[in-house]
Amino acid sequence: MGDKDFFERVWEVVRAIPPGRVTTYGAIARYLGSPRAARLVGYALNASHSAYPPVPAHRVVNRLGYLTGKFHFPSPTTMQERLESEGIQVQHDRIQHFEAHFWDPVAHLPWPEVFFSRSCTEQPPL
DNA sequence: TTTTTGACGATTC
DNA sequence: AGAATCGCCAAAA
């Protein structure tokens, strides 16, 4: 599976977050099999600005629901605006009803080896 | 090759 | 309970 580096895999997971839902740095790290690499997830998102397809980085917050990455967007209010446009309420840099909006890649995504494999049709079985 | 760097999270004080 | 400290680890310098 691994012709993609850690950063690109983070981006893939973030792209899979449904609009109106959010997840955390730590949850993504756990899904990727590196439960201690939460900081790296943030570092990866920092490098996602020019990535294509676009990475909806505003849907990633810290484990308490705070918008800790807001200063890395075009404007400090961009992150909140994007979340609110998806129906998520934010007050004082914190997501309201965080539990209700939380989306856990571990629970909703297929096993990483499957998720990161290319389409079955062009993936010759080893 | 070694050092620096964080958009975290847990642990400790 | 809130603040400070510590470990983490891939990427870039």
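Since the structure is predicted, the reported quantities are computational estimates derived from the model, not experimental observations. Values below: every heavy atom of this structure, side chains too, minus hydrogens, waters and symmetry copies. Each chain gets a letter, A, B and so on, in the order its sequence line appears, and its residues count up from 1.
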message: Counting only heavy atoms from other residues, nucleotides and ligands, does the tally under 6.0 Å from CD of A:Q96 exceed 12?
response: yes
query: Between which nucleotides of DNA chain C, 5' to 3', does chain A make heavy-atom contacts below 4.0 Å?
result: C:dG7 to C:dA11
- prompt: For the pair made of NZ in A:K70 and P in B:dG6, what is the distance, rounded to whole Å?
  reply: 19 Å
- request: Please report, rounded to the nearest Å, how far the C1' atom of B:dA7 is from the CZ atom of A:F7.
  value: 12 Å
statement: note: A:L64, atom CG; B:dG9, atom C1'; distance rounded to Å ~ 9 Å
task: Could you tell me whether the side chain of A:V60 reaches within less than 4.5 Å of the side chain of A:I17, counting heavy atoms only?
output: yes
message: On DNA chain C, compare the nucleotides closest to A:S34 and A:R39; which residue's is nearer the 5' end?
response: A:R39
- prompt: What integer distance in Å separates A:Y66:OH from B:dC8:P?
  reply: 14 Å
query: Quick one: are A:V14 and A:R59 in side-chain contact, heavy atoms under 4.5 Å?
result: no
Atom-pair distance (OH on A:Y43; C1' on B:dA7), nearest Å: 12 Å
query: Expressed in angstrom and rounded to an integer, what is the separation of A:N46 atom CG from B:dT4 atom C1'?
result: 15 Å
- prompt: Within this structure, what is the CZ-to-P distance between A:R94 and B:dA7, rounded to whole angstrom?
  reply: 20 Å
- request: Please examine the side chains of A:P105 and A:T23, heavy atoms only from C-beta on, and report whether any two atoms are closer than 4.5 Å.
  value: yes
- request: Evaluate the side-chain proximity of A:Q80 to A:K70: yes if any heavy-atom separation is below 4.5 Å, no if none is.
  value: no
- prompt: Got A:L67 and A:L83 here, is their nearest side-chain heavy-atom distance under 4.5 Å?
  reply: yes
- prompt: Is A:A57 touching bases, backbone alone, or none of the nucleic acid, heavy atoms closer than 4.0 Å?
  reply: base
- request: Taking the side chain as every heavy atom from C-beta outward, state whether A:F102 and A:I95 have any pair of such atoms under 4.5 Å apart.
  value: no
- prompt: To the nearest angstrom, how far is A:Y25 atom OH from B:dG9 atom P?
  reply: 8 Å
message: If you compare every side-chain N and O of A:R63 against the phosphate oxygens of B:dA10 (OP1, OP2), does one of them come in below 4.0 Å?
response: yes
task: For A:H58, answer base if it contacts any base atom (sugar-phosphate contacts may also be present), sugar-phosphate if it contacts only those atoms, and nothing otherwise; contact means non-hydrogen atoms under 4.0 Å.
output: nothing
query: Applying a 3.5 Å limit to both distances, which nucleotide forms a Watson-Crick or G-U wobble pair with B:dT1?
result: none
